[in-house]
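Read the structure below first, then the notes.
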Amino acid sequence: LCVWHRPKMMEIVRLLLSRGAKADLPTVARAGLLDEVKRRLDGDPSLIDKPDAQGRTAIYRAACKYGALAESDPVIQHLIVRGATVDVFSASALLMIDRLKDLLRADASQAKARDPEGLTALHWVTRTNANDRRQVEAAKLLLDAGADPNAEASTQSGMRPLHCAAEWASSTELAGLLIDRGANIDAASSQSPWTPLDYAMDRNRAEMRDYLRSRGGKHRQELAAAEDVDANAFLALVHHGEVDAVREKLDADPSLVNRTGNHPQWGGRSQALHLAIERGEFFTLLGPSGS
C-alpha cells in the first residue's frame with residue numbers, strides 16, 4: 001500500500017521496522033526505504049538478487065508496483081549500481097529499452113512469460129503511467145517477440161494490457177498500437193465485466209476515453225444492452241418454433257445457447273432450453289451444445 005497518495009503507509013512501515021518487525025530486502029525495497037536497503041546490502045551483498053517467498057526480487061518489487069512512489073527511484077538506481085539483475089518485467093516497467101532488447105534477443109519467450117503476480121511484461125509497459133514515447137517502443141519490442149495483446153492477468157481483476165493503458169492514462173498511441181495488433185477494444189475478462197472504456201471513464205482519462213470512443217469502443221452497459229437484444233431475438237425464435245432460424249443463429253453464435261433474455265410471453269429471465277422444454281421441442285438441437 002506504499003504509494004504516493006498513502007504517505008501514512010510508509011510511516012507505518014518505518015514504525016513497524018523500528019519495533020522489530022521482520023522484513024526481507026524485497027519488502028523494504030518495495031516500501032522505498034533507501035537507507036534500509038543500503039544497510040542490508042552492506043551487511044550481506046548476496047541479498048541483491050535473493051527472491052522472497054513468491055519469487056520476487058528487490059529490483060522487481062521496487063520497479064513493478066501498483067502506483068507511483070517517488071521514493072522508489074533512488075532505491076532502483078542503487079540496486080542497479082549494486083549489480084541487481086534487471087528481469088524482463090522490471091525492464092518493461094522501467095522502460096529500459098536496451099535491456100529489453102537484450103533480454104528478448106536472448107530468449108523471445110520472455111515476451112509471453114508471467115511474473116509472480118500473474119502479469120506479463122506488456123502489462124507492466126502499459127502500467128507505467130509515464131505517457132512516455134518509450135512505452136510504444138517497448139510495447140512494439142514485446143509484440144514483435146510474440147507478446148499476447150489480449151493476455152489476462154491472473155490477478156488484478158484479470159486485466160488485459162489495453163485495460164491497463166486505459167486506466168493508467170498511457171498514450172493513445174500506445175492504445176492504438178495494441179488495438180492494431182489485435183487487442184479486443186471491448187474485452188472484459190473472466191474476472192470483471194469492465195471494458196477498456198470503463199476504466200478510462202472511471203479514472204476520468206478524458207483523452208483516452210475520447211480516443212477509445214473514436215475507435216468504436218463501448219462500455220459494459222452498452223455491450224450488455226446489445227447482447228440482450230440479440231438474446232431476446234433468439235429466444236423469440238425458439239418460442240415460436242423457428243427451428244431452421246434457431247439452427248442458423250446457433251451456427252453463427254454458439255454462445256446464444258446459454259444466454260439469458262426476457263421470456264417472450266411470461267416475463268422474467270430465461271434461457272433457450274427453458275423455452276424449448278415448455279414447447280417440448282429442440283432437445284436435440286440445444287441439448288448437446290453444453291446447456
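What you are looking at is a predicted structure, and each value in this text was computed from that prediction instead of being measured.
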Extract all donor-acceptor atom pairs below 3.5 Å that involve side chains of residues 149-156 and protein atoms in other chains or at least two apart in sequence.
residue, atom, partner, partner atom, Å
N150, OD1, R160, NH1, 3.4
N150, OD1, N184, N, 2.9
N150, ND2, G182, O, 2.9
E152, OE1, S190, N, 3.3
E152, OE1, S190, OG, 2.8
E152, OE2, S190, N, 3.1
T155, OG1, E117, O, 2.5

Within the supplied structure, the quantity of interest is the number of heavy atoms (other residues, nucleotides, ligands) at a distance under 6.0 Å from E207 CD; does it exceed 12?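 No - once you tally the heavy atoms of other residues, nucleotides and ligands closer than 6.0 Å, there are 12 at most.
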Assess whether atom CZ of R133 is packed by more than 12 heavy atoms of other residues, nucleotides or ligands within 6.0 Å. no
Output the distance between atom [atom1] ([X]) and atom [atom2] ([Y]), rounded to the nearest 0.5 Å.
X	Y	atom1	atom2	value
H78	D35	NE2	CG	9.5 Å
C64	W124	SG	CH2	5.0 Å
I76	L34	CD1	CG	11.0 Å
S92	I97	OG	CD1	8.5 Å
D87	L103	CG	CG	8.0 Å
L100	L104	CG	CG	4.5 Å

Whether D42 and R82 form a salt bridge (side-chain N of Lys/Arg under 4.0 Å from carboxylate O of Asp/Glu) is what I want to check. yes
Is the backbone of [Y] close enough, under 3.5 Å, to the side chain of [X] for a donor and an acceptor to pair up by distance?
X	Y	answer
S192	A188	no
D186	K218	yes
Q54	P116	no
R61	T27	no
D52	P26	no
R99	V86	yes

Please report the C-alpha distance between L212 and M208 in whole Å, then the side-chain angles of each, then the deciding distance to 0.1 Å, and finally whether the side-chain contact (heavy atoms from CB on, under 4.5 Å) criterion is met. CA-CA 6 Å; L212 292 172; M208 183 64 73; 4.0 Å; yes
Here the ring-ring contact (aromatic ring centres under 6.0 Å, His included) pairs for residues 174-199, sequence neighbours left out, are H163-Y199, W194-Y199
Between the side chains of [X] and [Y], is a donor N or O closer than 3.5 angstrom to an acceptor N or O?
X	Y	result
Q271	H263	no
D115	Y60	yes
D49	T85	yes

Identify all side-chain donor-acceptor contacts of residues 1-17 below 3.5 Å with residues at least two apart in sequence or on another chain.
residue, atom, partner, partner atom, Å
K8, NZ, E11, OE2, 3.4

Verify same cluster id: I59, V88 (apolar side-chain graph, 4.5 Å):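 No.
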Residues that [X] engages under salt bridge (Lys or Arg N to Asp or Glu O under 4.0 Å), provided they are two or more places apart:
X	result
D180	R215
D251	none
R105	D102

Can you pull the side-chain hydrogen bond (donor to acceptor under 3.5 Å, both in side chains) pairs that have at least one residue in residues 63-75, sequence neighbours excluded?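 side-chain hydrogen bond (donor to acceptor under 3.5 Å, both in side chains) check on residues 63-75 returns no pairs.
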Quick one: are R127 and M159 in side-chain contact, heavy atoms under 4.5 Å? yes
Under the side chain to side chain contact (heavy atoms under 4.5 Å, CB included) rule, collect the residues that match up with L25, sequence neighbours excluded. V28, V37, R40, L41, L47, A58
Let me have the donor-acceptor pairs involving side chains of residues 136-147, under 3.5 Å, with sequence neighbours excluded, atom names and distances please.
residue, atom, partner, partner atom, Å
D144, OD1, R181, NH1, 3.1
D144, OD1, R181, NH2, 3.0

[X]: partners by side-chain hydrogen bond (donor to acceptor under 3.5 Å, both in side chains), with sequence neighbours left out:
X	value
T57	none
S255	D253, R259
D148	none

Quick one: do M96 and R134 satisfy side-chain contact (heavy atoms from CB on, under 4.5 Å)? Show the steps, please. CA-CA 8 Å; M96 297 174 66; R134 292 177 299 164; over 6 Å; no
